[in-house]
Structures are given as structure tokens and as C-alpha cells.
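Below is one structure; the comments refer to it alone.
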Amino acid sequence: MSKTAFMDVIVNADDLGISRKVNDATFQLMEDGLITSATIMANGPEVESACQRTRDFPQCSFGVHLNVTEFAPLTNSENLGPLLDNENNFVGEKVRSVKIDSDLANGIFAEYCAQIEKIKALGVTPSHLDSHNYVHTVARIFPILKRVQKRYGLR
């Protein structure tokens with residue numbers, strides 16, 4: 001008798017908390033059993049609603065969708081200035097074009113930590129991390145993520 005190896009596949013939905021429409025669609029997919037994981041955008045306009053609804057899905061895992069490309073930051077760090085517009089909102093792909101010096105790196109680290117802390121404060125224990133718009137692929141962001149990962153013990 002041969003042993004068959006099985007592989008678990010996790011389908012993760014991004015951007016939970018970005019809008020009511022995304023929240024509704026994500027939770028419907030969970031209810032239908034089509035996904036079991038999602039990452040929550042802590043600075044998204046519908047984050048509170050998203051976190052409240054996670055309680056209805058104890059069988060699912062929820063991570064933090066770390067974001068420095070959209071909406072307003074949770075911190076007031078002057079170090080984030082190079083990533084912000086005149087209204088103090090993150091500017092899309094700017095993180096890919098600016099020089100990430102140690103001040104900006106520290107600002108991003110503080111912002112990422114604030115985003116995790118907000119999700120925790122809203123009653124969700126994060127199971128994993130992800131980044132919005134794949135910014136983890138920016139070479140200078142990766143060490144920042146490793147610091148965050150180590151601080152919180154998250155994968």
C-alpha cells in the first residue's frame with residue numbers, strides 16, 4: 001500500500017476592510033466554504049466592520065494586510081512624509097520610487113506595528129502577515145517586514 005501525500009492549500013482573500021462590498025464578498029466566500037483565510041487592512045475605511053464580522057468565522061484565519069500605499073496612516077510619524085500626499089494619505093506606488101533611508105524605514109516599521117496593534121485592539125488575533133500591492137518585494141521593505149515578523153511572532 002502506497003502512502004499518498006496531501007497538501008493543504010490555503011486561499012487567502014486580500015483587502016478585507018477596504019470597502020463594504022469587499023467585506024460582504026469575502027465573508028460570503030467564507031460562508032460558502034470557498035476560502036478560509038483573509039488579510040485585514042487596518043487603515044481601510046471598513047476595518048471595524050470587518051473585524052466585528054470575523055467573530056462569525058472561528059474556523060477561518062485572519063492576518064494583517066500591511067499597507068503603506070493607500071489611505072491615511074495610523075501613525076503621525078513625520079518619517080512617513082516621503083510616502084504621503086498633501087492630505088497625508090499614502091500615495092500608491094511611491095514606496096517603490098523613493099529612497100528608503102533609516103528614518104523612513106523606522107516610520108514604516110512603526111506604521112506596520114500600529115496596524116497590527118489596531119487589528120488586535122479590534123479583537124482579532126492575527127495569524128499571518130501580507131503586504132498591500134506586493135510591497136514586500138521592495139528590497140528595502142523586506143528587512144522591515146522581518147523586524148515586524150520577529151516582534152509579533154507572525155509568518
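Shown here for Pro73 and Asn88, the closest heavy-atom pair between the two residues is CD-O, 3.2 Å. Considering every non-hydrogen atom in both Met30 and Ser37, the closest pair reads CE-C, 3.8 Å. Thr26 and Ala13 get closest at one heavy-atom pair: CG2-CB, 3.9 Å. Closest non-hydrogen pair, Val95 versus Val135, comes out as CG1-CG1, 3.5 Å. Taking every heavy atom of both residues into account, Asn79 and Leu104 meet most closely at O-CD1, 3.1 Å. The two residues Cys113 and Arg151 come nearest to each other via the heavy atoms SG-NH1, 3.4 Å.
Looking at Asn89, its side chain never comes within 3.5 Å of a backbone N or O of Asp85 through a donor-acceptor pair. A donor-acceptor pair under 3.5 Å is absent between the side-chain atoms of Glu46 and the main chain of Ile18, judged by distance alone. Checked by atom type and distance alone, the side chain of Asn12 pairs as donor or acceptor with a backbone atom of Ala38 at under 3.5 Å. Looking only at distances, a side-chain donor or acceptor of Asp101 sits under 3.5 Å from a matching main-chain atom of Asp103. Looking only at distances, a side-chain donor or acceptor of Ser131 sits under 3.5 Å from a matching main-chain atom of His136.
For the 3.5 Å distance criterion, the side chains of Gln149 and Lys146 qualify, holding a donor opposite an acceptor. For Glu117 and Tyr112, the side-chain atoms include no donor-acceptor pair closer than 3.5 Å. Inspection of the Asn43 and Asn67 side chains reveals an N or O donor paired with an N or O acceptor under 3.5 Å.
To the nearest 0.5 Å, atom CG of residue Leu34 and atom CG of residue Leu29 are 5.5 Å apart. Atoms OG and CZ, on Ser49 and Phe27 in that order, are 7.5 Å from each other to the nearest 0.5 Å. Atom OG1 of Thr39 is separated from atom NE2 of His65 by 4.5 Å, given to the nearest 0.5 angstrom.
With sequence neighbours excluded, the residues that form a side-chain hydrogen bond (donor to acceptor under 3.5 Å, both in side chains) with Glu70 are His132.
In the hydrophobic clustering of this structure, Phe142 does not group with Tyr152; members are Ile, Leu, Val, Met, Phe, Trp, Tyr whose side-chain heavy atoms approach within less than 4.5 Å, directly or through other members. In this structure, Phe62 is not a member of the same hydrophobic cluster as Ile10, with clusters built from ILVMFWY side-chain heavy atoms closer than 4.5 Å. Leu66 and Val91 are assigned to two separate hydrophobic clusters, defined by single-linkage of ILVMFWY side chains at heavy-atom distances under 4.5 Å. Linking ILVMFWY residues whenever their side-chain heavy atoms come closer than 4.5 Å, directly or via other members, leaves Ile40 and Leu74 in distinct clusters. Under the 4.5 Å side-chain heavy-atom criterion for ILVMFWY residues, a single connected hydrophobic cluster contains both Val64 and Leu154.
The shortest distance between side-chain heavy atoms of Phe57 and Thr36 does not fall below 4.5 Å. You'll find the side chain of Ile116 reaches within 4.5 Å of the side chain of Leu129, heavy atoms only. Glu111 places none of its side-chain heavy atoms less than 4.5 Å from the side chain of Ser77. Counting heavy atoms from C-beta outward, Cys51 and Val47 have side chains that approach closer than 4.5 Å. Side-chain atoms of Leu16 and Met41, non-hydrogen and from C-beta on, never get closer than 4.5 Å to each other. Using a 4.5 Å cut-off on side-chain heavy atoms (C-beta onward), Asp14 and Asp130 make contact. With contacts defined as side-chain heavy-atom distances shorter than 4.5 Å, the pair Thr125/Ile119 does not qualify. Between Leu83 and Ile108 there is a side-chain heavy-atom pair separated by less than 4.5 Å.
Within a 6.0 Å sphere centred on CG of Asp56, other residues, nucleotides and ligands contribute more than 12 heavy atoms. Atom CD of Gln52 has 12 or fewer neighbouring heavy atoms from other residues, nucleotides or ligands inside a 6.0 Å radius. Summarising the local packing, CD of Glu78 is surrounded by 12 or fewer heavy atoms from other residues, nucleotides or ligands at distances under 6.0 Å.
For residues 16-34, the set of pairs meeting the salt bridge (Lys or Arg N to Asp or Glu O under 4.0 Å) definition, not counting sequence neighbours, comprises Arg20-Asp24, Asp24-Arg53.
Here Phe71 and Phe90 keep their ring centres 6.0 angstrom or further from each other.
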